[in-house]
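This report concerns only the one structure given below.
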Amino acid sequence: MEMSDLDRWLAQRYLKGHWDHQPGPPKVQPYLWRWADIYEGLRSAGEVVPMDKTGRRTVQMRNPSLPAGMTHTIHLSVQLVKPGEIARAHRHVAAAIRYVIKGSPKAWTIVEGERFPMEEGDLITTPNWTWHDHYNGSDEPVMWLDGLDARLVAYLGAQFTENFPQEQQPVEKPDGYASKILGTARPTWMKTGFSSPPFRYRWEETYATLLTLKESEGDPFDGIKLEYVNPFSGGPTLPTYSCEVQLLRPREKTRSHRHTSTTVYQAFRGKGTTVVEGTRMEWEQGDLFVVPPWHWHHHENSLDRDVILFCINDWPVMKALGLYREEAQSV
Ligand code: GTQ
């Protein structure tokens with residue numbers, strides 16, 4: 001018997017020898033999606049996709065190297081809710097965040113009985129299995145980035161979804177509830193009941209922190225970078241991923257590094273370049289892009305003003321599983 005005969009014999013029985021090298025799973029490739037395309041697609045969806053039939057009106061990124069999803073773990077979509085519209089209440093195991101692109105104090109994400117206003121640059125979490133729905137009570141359309149660990153959760157076979165009995169859940173908590181009970185003076189008798197509490201990180205505060213730190217050294221690989229922490233534990237935003245924001249100062253060029261975690265970015269303010277394994281990804285405001293695992297990368301701001309990137313990194317899941325590894329390019 002030849003080795004190839006054996007390979008065939010085994011294959012017919014859904015068996016395979018270690019020596020028989022087959023292509024592995026598809027690898028995530030670096031890719032950039034233009035805001036102009038996303039926006040045009042979303043605006044058209046606003047005309048032809050009815051919210052009552054579909055539940056959510058989003059345009060999803062799809063990585064050209066994958067059958068579905070922006071990466072193999074973290075996924076981004078952009079959602080549009082027009083004036084007066086409701087995105088009905090549901091919950092799922094996949095944990096989500098909203099990062100507001102165009103907001104209003106009269107547009108809300110309601111999570112577990114609290115309404116969180118969605119203003120530009122705000123980050124709002126809807127952790128694993130929390131009820132959530134959206135309502136635009138303003139007279140302008142609102143848009144935001146949805147970030148989810150849905151690909152990872154689906155791969156691991158743990159994706160459950162449930163609809164709320166009504167279209168909207170009742171608002172039962174006072175405005176500002178989470179930020180108050182998780183502030184610096186906390187009630188003695190109360191716990192939130194969530195290890196990852198639903199929370200709103202206001203842009204006003206995040207931006208003020210970035211500006212306060214502008215003159216300091218910063219992170220060698222990422223400039224003035226902040227992590228949005230779980231207000232309960234001080235750990236990452238959510239168990240599976242960390243939301244982060246970074247300001248690159250005028251003419252700042254960061255050092256190159258690579259890590260086994262995967263990162264998705266949104267160019268929140270300004271334009272610049274991220275070099276990924278020698279490929280220059282030139283981004284403009286609103287563009288979204290991927291830095292795949294174990295790819296050398298650095299960022300460049302060639303302008304005379306600040307630029308800001310929002311990103312989601314899956315390092316918490318990689319660290320929890322003992323799979324995180326990082327390497328810096330020597331200077
Ligand atoms: O708005 O709740 O992009 O449940 C994907 C799943 C958005 C949402 C998405 C969701 C939502």
Side-chain angles (χ1 to χ4, degrees), residues 76 79 95-127 130 132 134 137-138 142-147 171 173-187 190 192 194-219 222-238 241-250 252 263-270 285-286 301 305-313 315-316:
L76 290 182
Q79 181 160 174
I97 63 92
R98 325 287 157 193
Y99 187 68
V100 182
I101 296 170
K102 189 179 174 305
S104 163
K106 287 186 177 170
W108 295 275
T109 280
I110 301 93
V111 194
E112 291 288 329
E114 177 172 356
R115 58 174 201 177
F116 295 91
M118 307 183 88
E119 294 189 77
E120 193 170 318
D122 287 352
L123 173 74
I124 299 159
T125 58
T126 57
T130 52
H132 57 278
H134 318 297
S138 78
V142 294
M143 275 185 297
W144 60 79
L145 276 185
D146 290 309
V171 175
K173 292 174 183 155
D175 288 345
Y177 182 83
S179 71
K180 290 195 171 56
I181 73 158
L182 291 160
T184 42
R186 300 187 181 185
M190 203 188 278
T192 74
F194 298 99
S195 55
S196 298
F199 204 71
R200 174 189 182 206
Y201 305 79
R202 296 171 62 106
W203 175 246
E204 202 180 309
E205 289 166 21
T206 308
Y207 189 48
T209 308
L210 287 170
L211 292 183
T212 301
L213 296 172
K214 249 187 84 171
E215 303 307 323
S216 53
E217 193 184 345
D219 183 303
D222 290 302
I224 303 297
K225 183 175 189 174
L226 307 178
E227 292 175 345
Y228 296 90
V229 301
N230 173 332
F232 215 45
S233 66
T237 327
L238 293 162
Y241 57 90
S242 169
C243 297
E244 303 171 350
V245 65
Q246 61 196 83
L247 181 149
L248 302 172
R249 294 159 284 193
E252 182 162 8
T263 316
V264 297
Y265 290 88
Q266 189 226 20
F268 183 62
R269 289 283 181 270
Q285 193 159 307
N301 176 7
R305 57 186 167 91
D306 298 339
V307 303
I308 298 175
L309 291 170
F310 171 76
C311 76
I312 306 181
N313 190 320
W315 65 256

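We're numbering straight along the sequence, starting at 1. Just so we're clear, the structure is a prediction, and the values are computed from it rather than from any experiment.
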If I take atom [atom1] from residue [X] and atom [atom2] from residue [Y], how far apart are they, to the nearest 0.5 angstrom?
{"X": "Glu252", "Y": "Asn301", "atom1": "CD", "atom2": "CG", "value": "7.5 Å"}
{"X": "Gln266", "Y": "Cys311", "atom1": "CD", "atom2": "SG", "value": "11.0 Å"}
{"X": "Lys225", "Y": "Leu210", "atom1": "NZ", "atom2": "CG", "value": "12.0 Å"}
{"X": "Phe194", "Y": "Leu182", "atom1": "CZ", "atom2": "CG", "value": "11.0 Å"}
{"X": "Trp144", "Y": "Leu123", "atom1": "CH2", "atom2": "CG", "value": "13.5 Å"}
{"X": "Thr209", "Y": "Leu247", "atom1": "OG1", "atom2": "CG", "value": "11.5 Å"}

Backbone of Ala96 reached by a side-chain donor or acceptor of Thr126 within 3.5 Å:
yes
Check [X] against [Y] and note the closest heavy-atom contact, atom names and distance.
{"X": "Leu76", "Y": "Gly147", "result": "CD2-CA, 3.7 Å"}
{"X": "Asp306", "Y": "Pro250", "result": "OD1-CD, 3.3 Å"}
{"X": "Leu226", "Y": "Thr206", "result": "CD1-O, 3.8 Å"}
{"X": "Val142", "Y": "Ala107", "result": "CG1-CB, 3.7 Å"}

Quick one: are [X] and [Y] in side-chain contact, heavy atoms under 4.5 Å?
{"X": "Ser242", "Y": "Tyr228", "answer": "no"}
{"X": "Ile97", "Y": "Ile312", "answer": "yes"}
{"X": "Asn230", "Y": "Phe199", "answer": "no"}
{"X": "Thr125", "Y": "Tyr201", "answer": "yes"}
{"X": "Trp315", "Y": "Pro236", "answer": "yes"}
{"X": "Asn313", "Y": "Tyr241", "answer": "no"}
{"X": "Pro197", "Y": "Pro231", "answer": "yes"}
{"X": "Thr263", "Y": "Tyr265", "answer": "yes"}

Whether the Gln79 and Asp146 side chains hold a donor-acceptor pair (N or O, under 3.5 Å, no angle test) is what I'd like checked.
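A donor-acceptor contact under 3.5 Å links the two side chains.
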Donor-acceptor pairs under 3.5 angstrom involving side-chain atoms of residues 108-118: please list them, not counting sequence neighbours.
{"from": "Thr109", "atom 1": "OG1", "to": "His134", "atom 2": "ND1", "distance (Å)": "2.9"}
{"from": "Glu112", "atom 1": "OE2", "to": "Trp131", "atom 2": "N", "distance (Å)": "2.9"}
{"from": "Glu114", "atom 1": "OE1", "to": "Ala178", "atom 2": "N", "distance (Å)": "3.0"}
{"from": "Glu114", "atom 1": "OE2", "to": "Tyr177", "atom 2": "N", "distance (Å)": "3.1"}
{"from": "Glu114", "atom 1": "OE2", "to": "Ala178", "atom 2": "N", "distance (Å)": "3.3"}
{"from": "Arg115", "atom 1": "NE", "to": "Asp175", "atom 2": "OD1", "distance (Å)": "3.0"}
{"from": "Arg115", "atom 1": "NH2", "to": "Asp175", "atom 2": "OD2", "distance (Å)": "2.9"}

What is the ring orientation for Trp203 with Phe268, classed by angle as parallel under 30°, tilted 30 to 60°, or perpendicular over 60°?
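Because their plane-to-plane angle is over 60°, the rings of Trp203 and Phe268 count as perpendicular.
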Quick one: do [X] and [Y] make a salt bridge, cutoff under 4.0 Å?
{"X": "Asp122", "Y": "Arg98", "value": "no"}
{"X": "Lys102", "Y": "Glu120", "value": "no"}
{"X": "Glu119", "Y": "Arg200", "value": "yes"}

Please walk me through it: do Phe232 and Ser196 pass side-chain contact (heavy atoms from CB on, under 4.5 Å)?
CA-CA 7 Å; Phe232 215 45; Ser196 298; over 6 Å; no
Tell me, please, which residues at least two apart from Ser216 pass side chain to side chain contact (heavy atoms under 4.5 Å, CB included).
Leu213, Ile224
More than 12 heavy atoms from other groups under 6.0 Å of CD on Glu204:
no
